[in-house]
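Here the structure comes first, spelled out in structure tokens, and everything after it is commentary.
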Amino acid sequence: MAQEDIFKKLVAHCKEYGYVFQSSEIYDGLGAVYDYGQNGVELKNNIKKYWWDSMVLLHENVVGLDSAIFMHPTIWKASGHVDAFNDPLIDNKDSKKRYRADVLIEEALAKIEAKMDKEVAKAKKRFGDAFDEQQFRETNPRVLANQEKWDALHKRFADALNDNNLEELKQIIIDQGVACPISGSKNWTDVRQFNLMFSTEMGSTAEGASTIYLRPETAQGIFVNYLNVQKTGRMKLPFGIAQIGKAFRNEIVARQFIFRMREFEQMEMQFFVKPGTELDWFEKWKETRMKWHRALGFGDENYRFHQHEKLAHYANAAVDVEYKFPFGFKEVEGIHSRTDFDLSQHQEYSGKKIQYFDPEENRSYVPFVVETSIGVDRMFLQIMAASYCEEEVENNGKVDTRVVLKLPVPLAPIKLAVMPLVKKDGLPEIAREIIDGLKFDFNCQYDEKDSIGKRYRRQDAIGTPFCVTVDHQTKDDNTITIRHRDSMEQERIPIDALRSMISEKVSFKGLFEK
Ligand code: GAP
């Protein structure tokens, strides 16, 4: 099945099974804003816990914070967001559709990459186990010609971004023959910069009101609390502050479902270090974060690092963790070495000294910062895309399709569904008793409607890893059947053995130990 079709099915599945709804749907929706349903909110909370525990519980020098969304407007002047938090936009004159110029060029680069990957895949098929991919990429004339094209385009693109050369961005789009997917025409306007921050008024009277911004990143709330946390927590460098919270960006080109939203959530950690050590810490956090992603078991080959073409105004090194979505490799997380830019700017704009006294060196300085920044929603989409499977299974001698979400067990919204085989003979009561005994430990669901087969399918579709069936034998010997989502295998075990069997699998410990 084509990757776009899989993605469409995934979006429909998210709605049908209570994961994600379009915001304000009964009013025809609000662009690039989404709500999370009964299963979505559980998955989202589990993702946040996986991140929070890995950062705050497992690192004794990382502490948490929950700062306000509204902040003093000067913060955004100091951080550079008022002047430089822009996207380069271009309009197609025929369709009147607006695009991000950098994204159009990235797509042109991805097309060349796809051509090379196709050659590699063909050769791999032809040569089988003896295939040496590296050697093939270094010697095959078609791959080499495309690599040369890619390198030249990439350099031109990176130079244009770094020089903020908007005419050159437009020229690249023209030279690459990029056409609007709606009108099919190459009739483009000039490229213009567009600020992404939402603003609103704070205060009751027109004269007394001041313009404030909805934060476009949670990071600034951490920077402006650096002194508070360092002093009250008696923190010694290096140390980190972690925060999960909403961020807002007026994305003009909001596409691909919850990949790019106008209201979203971030999980950010700012790690404060001694100047000069930041690039070592940058490498350490790159490795730590990649391990965190890979521990979910979606295949190491589906993740890669992507070096930024253009460093943000605050960074001296930056990399993205990318995942292979159905629409290609895309950023899930950013890791940035932000130098002392933010703290120095806040020191200057606020007039307050923001420094660290280093007892070993007997001097004060502004710490440098390494940041890890990941979107909860984008991580959610990554997990859903990686978990969604359609499998052919046998059902009473016929081939049937089973849709199953193979979510990592600790992240699954419902861990255990308990089902009485029939709605009588005391079986529902036993099922309820099992739930009562386990509901403080795991999220359990009672399900008695429809045939057992249908109930299994319903639980597969929401990703429930374990289903327990209570039948007449249970009344005699206190045993139940437990059915495993991925293998569909069933085993008969005593009710008493359930807790220990499930506890081990749903715990985050298993992921952290990887
Ligand atoms: N503080 C640094 C920062 O905000 P970023 O690369 O702009 O860096 C970090 O954003 C992460 O936030 C991204 O990797 C992505 O996961 C998420 N993110 C950014 N914009 C988003 C949007 N419009 N919708 C959903 N997630 C977004």
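Please read all numbers here as calculations on a predicted model, not as lab measurements. Worth knowing before you read on, the calculation uses all heavy atoms, side chains too, and leaves out hydrogens, waters and symmetry mates. Numbering of ligands and ligand atoms starts at 1, following listing order.
For the pair K286 and F305, the distance from NZ or CZ to the six-membered ring centre is under 6.0 Å and the angle to the ring normal is within 45 degrees. Relative to the ring axis of F198, R262 does not place its NZ or CZ within 45° and under 6.0 Å from the centre. For the pair R289 and W285, the cation does not sit on the ring face, since its NZ or CZ is not both under 6.0 Å from the ring centre and inside 45° of the axis.
Listed by number with element, the atoms of ligand 1 under 4.0 Å from a non-hydrogen atom of R338 are 1 (N), 2 (C). Near E217, the atoms of ligand 1 lying under 4.0 angstrom from a non-hydrogen atom of the residue are 1 (N), 2 (C), 3 (C), 4 (O). Under a 4.0 Å criterion applied to the non-hydrogen atoms of G334, ligand 1 contributes the atoms 14 (O).
Of the heavy atoms in M379, none comes closer than 4.0 Å to ligand 1. With a heavy-atom cut-off of 4.0 Å, M267 does not touch ligand 1 at all.
Remark: minimum distance from atom 9 (C) of ligand 1 to any protein heavy atom is reached at S373 OG, 3.0 Å. The single protein non-hydrogen atom nearest to atom 10 (O) of ligand 1 is Q266 NE2, 3.5 Å, given as residue, atom name and distance. Scanning all protein heavy atoms for the shortest distance to atom 25 (C) of ligand 1 gives F259 O, 3.3 Å. Taking atom 14 (O) of ligand 1 as the reference point, the nearest protein heavy-atom neighbour is E331 OE2, 2.5 Å. With respect to atom 2 (C) of ligand 1, the closest heavy atom belonging to the protein is E371 OE1, 3.1 Å. Looking only at protein heavy atoms, the nearest one to atom 26 (N) of ligand 1 is F264 CD1, 3.5 Å.
Residue-ligand proximity: K330 is placed with every non-hydrogen atom at 4.0 Å or more from ligand 1. Every heavy atom of R262 sits 4.0 Å or more from the atoms of ligand 1.
Ring-plane geometry between F327 and F259 is classed as perpendicular, the angle between the planes exceeding 60 degrees on a 0 to 90 degree scale with a lower cut at 30. The aromatic rings of H293 and Y303 are tilted relative to each other, their planes meeting at an angle between 30° and 60°.
Residue pairs satisfying the side chain to side chain donor-acceptor pair (under 3.5 Å) criterion with at least one member in residues 55-66, sequence neighbours excluded, are absent.
Looking at ligand 1, you'll find an N or O of M261 within less than 3.5 Å of one of its N or O atoms. The shortest N or O to N or O distance between H336 and ligand 1 is not under 3.5 Å. For ligand 1, the polar-atom distance check against A219 finds no nitrogen or oxygen pair separated by under 3.5 Å. Among the atoms of E251, some N or O lies under 3.5 angstrom from an N or O of ligand 1. Distances between N or O atoms of V332 and those of ligand 1 include at least one value under 3.5 Å. Among the atoms of R260, none of the N or O lies under 3.5 angstrom from an N or O of ligand 1.
Between R249 and D87 there is no salt bridge, since no side-chain nitrogen of the basic residue lies less than 4.0 Å from a carboxylate oxygen of the acidic one. Using a 4.0 Å cut-off between charged side-chain N and carboxylate O, E25 and K15 make a salt bridge. Here D91 pairs with R98 in a salt bridge; the nearest charged N to carboxylate O distance falls below 4.0 Å. A salt bridge is absent between E278 and R338: the closest approach of a Lys/Arg side-chain nitrogen to an acidic carboxylate oxygen does not fall below 4.0 angstrom.
Nearest to atom 5 (P) of ligand 1 by heavy atom, out of E268, R249, E333, is R249.
For the residue pair Q307 / D320, no side-chain donor-acceptor distance below 3.5 Å is found, with atom types taken as modelled.
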*For R304 and E113, what are the C-alpha separation, side-chain angles and deciding distance, and is it a salt bridge (charged side-chain N to carboxylate O under 4.0 Å, His left out)?*
CA-CA 14 Å; R304 71 179 187 191; E113 262 173 63; 3.5 Å; yes
